[in-house]
Amino acid sequence: MVRLDICYAINSLSKHVTKSNALCDKQLRNLYSYLKSTAHIKLHGQVDSLDIDNVALHAYPDADLCGTYDTSRSTSGGFVELSGLNTFFPLDWFSKRQTATSHSTTEAELVAASKMLRESLIPIQSLWSLMLQRPVDAVLHDNMSTIVVINAGYSPQLRHIQKHHRISLGEVSELCKAENLKFVHIETDKQKGDLMTKGLARPKHESAMHMVGLYPIILIPG
């Protein structure tokens, strides 16, 4: 439940429960071997009471365009955290294959942003605003091309998109006009949702794990 680093692997394997093959068996064995060798990895979070007046929600939606061998559909991923000066606390994350094929990375990331807003960020924002008795700001981190399309609500390069993806674009464009919700550009190597969209090479995998709070517990002697 707290191992973000295996969400994508479980999501991929679950698609083959009724049609498992030799490759699935190999992937499942690798997954259990990975879990055994990383049992010391824990999910960390901390909240500083002095940050209560300025904490905000930060969301990182991402998508991997047609990244699996068995389908042309993209994988959406995302990560939501409570963040402040001395506060970092993971709140929600997901990895899910999209229900239709996207023709570009921007289109796939629009679908991921729509899922993030509808199912995670907006409900969490409402809850924390109620608990803290004040408006809680929310920041959505995405790449610049996606932000430009969302702000405009339309792009000539996306005029081909079908109704279900066009609805996602319209919904995200309307939601981003809220006063306490804004979009911010983020570099690819700092995108925390990347861990939930694809398998990463080991150096990048370990860096991505640290960004979302997954690392060994360090015991201080005495």
Side-chain angles (χ1 to χ4, degrees), residues 4 7-8 45 47 51 54-65 67 74-85 87-99 102 104-132 134-155 157-158 161 164-198 207-208 210-213:
L4 292 72
C7 283
Y8 171 74
V47 177
D51 283 341
N54 55 39
V55 291
L57 297 170
H58 290 257
Y60 300 82
D62 195 23
D64 181 40
L65 180 66
S74 305
T75 301
S76 296
F79 177 76
V80 183
E81 66 181 43
L82 183 70
S83 182
L85 187 61
T87 295
F88 166 80
F89 202 91
L91 295 177
D92 194 21
W93 53 86
F94 68 88
S95 177
K96 181 176 176 60
R97 184 171 294 175
Q98 296 182 3
T99 57
S102 298
S104 66
T105 299
T106 300
E107 183 179 348
E109 295 201 352
L110 285 169
V111 176
S114 174
K115 176 177 173 59
M116 171 69 77
L117 284 165
R118 288 184 291 106
E119 300 181 12
S120 296
L121 188 58
I122 298 301
I124 291 175
Q125 185 182 25
S126 300
L127 176 62
W128 278 90
S129 296
L130 180 63
M131 290 193 299
L132 297 181
R134 67 171 179 84
V136 175
D137 293 334
V139 182
L140 206 73
H141 300 266
D142 216 325
N143 63 53
M144 187 54 69
S145 60
T146 304
I147 293 174
V148 169
V149 173
I150 289 175
N151 287 332
Y154 173 78
S155 172
Q157 286 74 30
L158 295 179
I161 59 178
H164 41 271
H165 283 184
R166 191 166 65 250
I167 290 174
S168 295
L169 172 56
E171 180 181 41
V172 174
S173 182
E174 290 180 7
L175 289 173
C176 78
K177 293 179 172 60
E179 293 182 0
N180 56 346
L181 176 64
K182 64 179 180 179
F183 285 77
V184 174
H185 169 67
I186 189 169
E187 300 174 6
T188 302
D189 59 351
K190 296 181 180 178
Q191 173 57 266
K192 298 183 180 182
D194 199 30
L195 186 64
M196 273 69 74
T197 62
K198 64 175 82 69
S207 174
H210 276 80
M211 286 195 298
V212 298

ask   = So how far is it from L121 CG to S126 OG, rounded to the nearest 0.5 Å?
value = 9.0 Å

task = Measure across V136 and A56 and return the closest heavy-atom pair with its distance rounded to 0.1 Å.
result = CG1-CA, 4.2 Å

key: Pairwise side-chain contact, D92 with E119, heavy-atom cut-off 4.5 Å (strictly under)   = no

request  = State whether the side chain of Q125 and the backbone N or O of N180 hold a donor-acceptor pair below 3.5 Å, judged by distance alone.
outcome  = yes

ask   = Does S114 reach the main-chain N or O of L110 with its side chain, forming a donor-acceptor pair under 3.5 Å?
value = no

key: Verdict with supporting geometry, T75 and Y8, side chain to side chain contact (heavy atoms under 4.5 Å, CB included)   = CA-CA 9 Å; T75 301; Y8 171 74; 4.1 Å; yes

Closest heavy-atom pair and its distance - F94, A112 = CZ-O, 4.1 Å

note = Nearest heavy-atom approach of S76 to T197 is C-CG2, 4.1 Å

request  = For V80 and M116, work out which heavy atoms get closest and say how close.
outcome  = CG2-SD, 3.3 Å

ask   = Quick check: are there more than 12 heavy atoms from other residues, nucleotides or ligands sitting under 6.0 Å from NZ of K96?
value = no

request  = Would you check if E81 and K192 make a side-chain contact, meaning some heavy-atom pair closer than 4.5 Å?
outcome  = yes

remark   = d(M211 CE, L195 CG) to nearest 0.5 Å is 8.0 Å

ask   = Is the shortest heavy-atom distance from the side chain of D51 to the side chain of N54 under 4.5 Å?
value = yes

inquiry  = Measuring from atom OG1 of T105 to atom CD of E107, what distance do you get when rounded to the nearest 0.5 angstrom?
reply    = 10.0 Å

request  = Taking the side chain as every heavy atom from C-beta outward, state whether L57 and L82 have any pair of such atoms under 4.5 Å apart.
outcome  = yes

message = Between S95 (side chain only) and G77 (backbone N and O only), is there a donor and an acceptor less than 3.5 Å apart?
response = no

task = Give, for atom CG of D142 and atom NE2 of H185, the distance between the pair rounded to the nearest 0.5 Å.
result = 10.0 Å

request  = Output the distance between atom CG (L91) and atom OG (S120), rounded to the nearest 0.5 Å.
outcome  = 10.0 Å

key: Non-hydrogen side-chain atoms of P61 and L140 separated by less than 4.5 Å   = yes

message = Is the shortest side-chain heavy-atom distance between D62 and M196 below 4.5 Å?
response = no

inquiry  = Does any part of the side chain of V47, heavy atoms only, come nearer than 4.5 Å to the side chain of V55, both counted from C-beta?
reply    = no

request  = Give the ring-plane orientation class for Y60 versus F79, where under 30° counts as parallel, over 60° as perpendicular and anything between as tilted.
outcome  = tilted

query = How many angstroms lie between CZ in R97 and CG in D64, if you round to the nearest 0.5 Å?
reply = 11.0 Å

